[in-house]
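The chains referred to below are lettered A, B, ... by the order of the sequence lines, with proteins before strands, and numbering in each begins at 1.
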Amino acid sequence: MTVRTRFAPSPTGYLHIGGARTALFSWLQARHCGGQFVLRIEDTDRERSTEPAVQAILDGMRWLGLDWDEGPFYQTQRFDRYREVIEQLLQSGHAYRCYCSREELDAMRSAQQARGEKSRYDGRCRERSEPRPGVEPVLRFRMPRTGTTAVEDRVRGRVNFANDELDDLIIARSDGSPTYNLTVVVDDMDMGITDVIRGDDHLNNTPKQINIFNALGAKVPAFAHLPMILGPDGAKLSKRHGAVGVMQYREEGFLPGALVNYLVRLGWAHGDQELFSRAEMIEMFDIADVNHSASAINTGKLEWLNQHYVKQADTESLAAELAWQLARLDIAASPDPGKLKLVVAAQRERVKTLAEMAENSRFFFRRPTDYEPKAARKNLKREAEPLLAAVRCELAGLQPWQAEAIHAAVVAVAERASVKLGKVAQPVRVAVCGGAVSPPIDATLAILGREETLARIDRARKWIASQVESA
RNA sequence: GUCCCCGUCGUCUAGCGGUCCAGGACUCCGCCCUUUCACGGCGGCAACACGGGUUCGAGUCCCGUCGGGGACGCCA
């Protein structure tokens with residue numbers, strides 16, 4: 001039988017890191033088994049579901065490269081089907097009408113808690129045949145009262161639930177609309193899902209759903225419940241602690257490959273291996289190897305991975321991403337696309353993220369308006385002026401304008417002045433970059449061009465002179 | 001409260017009864033390299049929650065305690 005998995009988010013917000021990991025593992029399971037991956041949007045809660053959220057989920061999936069074979073299916077478009085199944089359940093006696101008011105239910109629950117019981121619907125309408133005038137009933141599923149329901153979980157093993165712990169859940173609201181536990185079952189059944197992979201928080205729903213599958217005479221799929229993902233502090237993921245949409249990771253300069261690699265190692269491992277290509281993770285992934293315990297997200301490790309991926313990525317796509325990052329800094333990309341690639345080549349080994357690359361590359365596209373005070377104080381001193389002058393002189397007629405020749409010129413100035421290379425390179429660096437950090441000075445000047453380099457050196461010399469005057 | 005799940009370095013993890021005075025990775029700290037920032041190289045710190053069993057032998061199996069999490073909705 002071919003494996004079919006699904007990712008079934010409810011569109012009430014962006015695709016966050018936990019959802020992304022669930023989607024990844026489902027996708028991996030399908031790809032590993034040569035099966036299909038289905039995307040389903042669980043939007044039955046019309047109050048909270050939004051179209052932008054659907055878009056954000058789709059965008060996130062695509063950005064991560066998690067392609068789906070079928071869907072997206074929308075539950076709101078399947079209401080006729082749910083009604084049909086609800087009717088069927090009613091006919092077969094697996095469902096019944098409940099006329100209890102919310103007040104009545106609340107009272108029942110608090111009484112149960114007071115008695116030290118688990119709060120659950122006690123089935124008081126189970127045998128009721130008379131409608132209550134003026135009350136639109138909800139429909140409840142008749143759970144077995146005795147025995148146990150075993151969940152054979154691919155990551156947890158067997159988990160047993162006493163049937164009397166399960167309650168007669170509502171499958172249709174008083175307005176007739178279906179609820180979650182019914183729609184998942186109907187969809188998983190209709191869509192031929194063989195492997196349900198989802199978050200830990202659904203483990204408790206599973207025995208209820210199994211009973212619905214049974215009532216419908218459907219084959220029960222295999223389940224795998226993934227451990228939660230926690231915030232960096234080990235606490236539950238919240239808006240304040242890392243619960244951001246995956247697209248925000250792009251904004252922060254992360255590559256999708258790095259995020260995916262990071263995510264796959266959260267709750268799963270293959271020996272000591274840290275780096276996985278897509279092909280490798282597909283080949284090596286085994287749902288049975290998934291961990292049992294929750295894991296905390298850790299930006300440091302993601303950054304390390306990102307750095308690795310930035311070093312590996314092809315220049316072309318990094319250049320495009322850098323242009324995007326520069327645009328966010330209000331810097332229009334260079335009219336010369338070749339320059340972008342040169343900048344990428346010069347910076348790729350020295351940054352963790354593309355946002356950082358863009359930030360550190362501003363000076364390639366804009367003449368610095370002022371100097372970093374600390375860097376200037378240290379490097380643009382009076383003694384530096386003659387050195388800058390000498391470098392300017394060497395550079396003015398240098399042929400060809402290439403890193404190698406520039407390097408030789410700078411070295412020559414240092415040797416002639418009997419100073420260490422840094423004494424010359426640093427002032428030049430601050431002069432052209434505005435700060436003390438840049439790629440090697442020869443490569444930097446090569447990219448900047450002769451004209452711009454000389455102009456910036458001149459400007460720095462003037463600045464030194466003005467400082468001396470005012471001193 | 002009730003039910004369910006979980007518990008190895010700060011973090012991600014390897015470990016599936018002996019090969020573990022517990023291995024790798026990130027972080028951190030030294031040293032080397034170095035024109036800045038990085039990269040890279042070398043070295044270091046750091047953990048089996050606790051208590052009982054089972055066994056010749058337990059991080060690995062069982063029980064309990066403690067700690068953490070999840071679920072208990074006309075949300076999904």
What is the distance, rounded to the nearest whole Å, between atom [atom1] of [X] and atom [atom2] of [N]?
X        : N     : atom1 : atom2 : answer
A:Asn204 : B:A76 : CG    : C1'   : 14 Å
A:Lys236 : B:G69 : NZ    : C1'   : 9 Å
A:His292 : B:G70 : NE2   : P     : 19 Å
A:Phe161 : B:G70 : CZ    : P     : 16 Å
A:Tyr99  : B:C74 : OH    : C1'   : 15 Å
A:Asn306 : B:C26 : CG    : P     : 15 Å

So, does the side chain of [X] form a donor-acceptor pair with the base of [N] at under 3.5 Å?
X        : N     : result
A:Asp201 : B:A76 : no
A:Thr179 : B:C74 : no
A:Asp200 : B:G70 : no
A:Arg120 : B:U2  : no

Counting only Watson-Crick or G-U wobble pairs whose two distances fall under 3.5 Å, which nucleotide matches [N]?
N     : answer
B:A71 : B:U2
B:C31 : B:G41
B:C21 : none
B:C66 : B:G7

Distance-only criterion, 3.5 Å: show the donor-acceptor pairs between side-chain atoms of residues 295-308 of chain A and protein atoms not counting sequence neighbours.
from: A:Asn298; atom 1: OD1; to: A:Lys301; atom 2: N; distance (Å): 3.0
from: A:Lys301; atom 1: NZ; to: A:Glu274; atom 2: OE1; distance (Å): 3.3

query = Do A:Phe285 and A:Phe276 have their ring centres less than 6.0 Å from each other?
reply = no
Pairwise [atom1] distance, [M] and [N] [rounded to whole Å]:
N     : M     : atom1 : result
B:C3  : B:G73 : P     : 16 Å
B:A58 : B:C48 : C1'   : 11 Å
B:G51 : B:A14 : P     : 25 Å
B:G64 : B:C6  : P     : 14 Å
B:G68 : B:C50 : C1'   : 15 Å
B:G23 : B:C16 : P     : 14 Å
B:C33 : B:G40 : C1'   : 8 Å

Any pair counted as ring-ring contact (aromatic ring centres under 6.0 Å, His included), so long as it reaches residues 146-188 of chain A, sequence neighbours left out = A:Tyr180-A:His202
Could you tell me whether [X] contacts a base, only the sugar-phosphate backbone, or nothing, with contacts defined as non-hydrogen atoms closer than 4.0 Å?
X        : value
A:Leu203 : sugar-phosphate
A:Val138 : base
A:His225 : nothing
A:Arg109 : sugar-phosphate
A:His407 : base
A:Thr44  : sugar-phosphate
A:Gln113 : base

Indicate whether any N or O donor in one side chain lies under 3.5 Å from an N or O acceptor in the other, for [X] and [Y].
X        : Y        : value
A:Asp153 : A:His225 : yes
A:Thr183 : A:Gln75  : yes
A:Thr146 : A:Asn163 : no

remark   = Of the listed B:G1, B:C74, B:U35, the closest approach to the A:Gln426 side chain comes from B:U35
request  = Any salt bridge (charged side-chain N to carboxylate O under 4.0 Å, His left out) involving residues 408-420 of chain A? Give me the pairs, sequence neighbours left out, ordered by first then second residue.
outcome  = A:Glu394-A:Arg416
What's touching nucleotides 11-13 of chain B from the protein side, N or O pairs under 3.5 Å?
from: B:C12; atom 1: OP1; to: A:Ala296; atom 2: N; distance (Å): 2.8
from: B:C12; atom 1: O2'; to: A:Arg265; atom 2: O; distance (Å): 2.9
from: B:C12; atom 1: O2; to: A:Lys301; atom 2: NZ; distance (Å): 3.3
from: B:U13; atom 1: OP1; to: A:Gly267; atom 2: N; distance (Å): 2.2
from: B:U13; atom 1: OP1; to: A:Ser295; atom 2: OG; distance (Å): 3.4

When you compare the protein's N or O atoms with those of nucleotides 37-39 of chain B, which come within less than 3.5 Å of each other, and at what distance?
from: B:C37; atom 1: O2; to: A:Arg350; atom 2: NE; distance (Å): 2.8
from: B:C37; atom 1: N3; to: A:Arg350; atom 2: NE; distance (Å): 3.4
from: B:C37; atom 1: N3; to: A:Arg350; atom 2: NH2; distance (Å): 2.7
from: B:C37; atom 1: N4; to: A:Arg350; atom 2: NH2; distance (Å): 3.4
from: B:A38; atom 1: O2'; to: A:Glu349; atom 2: O; distance (Å): 2.9
from: B:C39; atom 1: O3'; to: A:Lys311; atom 2: NZ; distance (Å): 3.0

request  = For A:Phe7, enumerate each residue passing the ring pair (Phe, Tyr, Trp, His ring centres under 6.0 Å) test, keeping only those at least two apart in sequence or located in another chain.
outcome  = none
key: salt_bridge(A:Arg81, A:Glu84) N-O dist < 4.0 Å   = yes
